[in-house]
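Computed from a predicted structure; not experimentally measured.
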Amino acid sequence: VVEEDKKQQTTLSVLENPFKQDEMINLDETREQLAKCLVTSQTEVPPSKPIIAVDDVGIFTKSDIHLVKAKAKAGKTTMLKIIVAAIMLGQLFRLKSLLDNPKIVWFDTEQSMNDTKRILEDIIKLSGKSSEEIDEHIKVYHLRRFFSEELQRMFISALVEHKPDVIIVDGVVDFVESFNDEKESKRFIRALIALSEQYDCSIINVLHTNKAQEDHNPRGHLGSFATNASETVLECEENGGIFSVKSTKTRHARMPKWHFMYDSKDNIV
């Protein structure tokens, strides 16, 4: 009788998975997992933590992922230099930092070593901070020679080592084998979401849009999943030497449009 009761209890606690018919679901484990994820009217949720504000509208919240998209050479990297310089300075142009003692990691998988070094040089020029202070708070990595599996391992290592407030992935397409592989792209974006929550950081992905001039969608399945999952999507455009930054998708207040350019002495203004 005791053995029969045990069998019945086991039967009641295990269910066939209709989504994956060769798998059984342990209901006790799943109930426990669901209980941890339940949100009620009494759930205490910490306030959102945007890293920077434009005209007092906060963007790039921590514990979430974000996307910067544009055509090639349309100002994506320069825009991010301005944002990082504003974080370091406290306020730059219309941008105001919302971080104290910031820790920033920047992965550059596209540019030459000279251009990667220029990221730091321009941030120093914009912020007026010393090179020592910039090196203390910002870790920029030149990773153009590495393949996707190596880049993914380095990404995890940087999160563990530096515990950054912000990690910029300038060239996220290089972190996957194929940006048109639906399964790989979805799994990669889901992993980024999990890591942003686990390490309480803002993950900013940078991705080119499709080559057709009128097509403003980021490339492939990777771009589609990144767009849908990101809290903030910003787009950079260039017209006659003036670069514009606008919010094309957001779950909260829309960031006001802002602009920058290079003057005759190659300064960002």
Checklist entry - Looking at residues at least two apart in the chain, or sitting in another chain, which of them share a side chain to side chain contact (heavy atoms under 4.5 Å, CB included) with Gln33? => result none
Item to check | Under 3.5 Å: donor-acceptor pair, side chain of Glu238, backbone of Lys73 | outcome: no
Checklist entry - Okay, side chain of Thr248, backbone of Glu235: is any donor-acceptor separation there less than 3.5 Å? => result no
All N/O donor-acceptor pairs, side-chain side in residues 84-94, below 3.5 Å, sequence neighbours left out:
| from | atom 1 | to | atom 2 | distance (Å) |
| --- | --- | --- | --- | --- |
| Arg94 | NE | Asp55 | OD1 | 3.2 |
| Arg94 | NE | Asp55 | OD2 | 3.3 |
| Arg94 | NH1 | Lys257 | O | 3.1 |
| Arg94 | NH2 | Asp55 | OD2 | 2.6 |
| Arg94 | NH2 | Lys257 | O | 3.2 |

Checklist entry - Does Asn205 use its side chain to pair, donor to acceptor, with the backbone of Val169 at less than 3.5 Å? => result no
Next on the checklist: Test your reading of the model: is there a side-chain donor-acceptor pair from Glu237 to the backbone of Ala74, 3.5 Å cut-off?
Outcome noted: no
Checklist entry - Is a side-chain donor or acceptor of Lys163 paired with a backbone partner of Cys201 at a separation under 3.5 angstrom? => result no
Checklist entry - Roughly how far apart are Arg254 CZ and Lys249 NZ, rounded to 0.5 Å? => result 10.0 Å
Checklist entry - Thinking salt bridges, do Asp266 and Arg118 make one under a 4.0 Å N-O criterion? => result yes
Checklist entry - Are Ser63 and Asp200 linked by a side-chain donor-acceptor pair shorter than 3.5 Å? => result yes
Item to check | Heavy-atom donor-acceptor pair, His208 side chain to Ala72 backbone, under 3.5 Å | outcome: no
Next on the checklist: Check whether Asp108 reaches the backbone of Glu110 with its side chain - one donor and one acceptor, N or O, closer than 3.5 Å.
Outcome noted: yes
Next on the checklist: Checking Glu182 now: which residues fulfil salt bridge (Lys or Arg N to Asp or Glu O under 4.0 Å) with it, not counting sequence neighbours?
Outcome noted: none
Checklist entry - So, does Glu32 use its side chain to make a donor-acceptor pair with the main chain of Glu29 at under 3.5 Å? => result no
Item to check | Side chains of Lys117 and His142, donor plus acceptor under 3.5 Å | outcome: no
Checklist entry - Okay, side chain of His66, backbone of Thr61: is any donor-acceptor separation there less than 3.5 Å? => result yes
Checklist entry - Is there a donor-acceptor contact under 3.5 Å from the side chain of Ser196 to the main chain of Ile193? => result yes
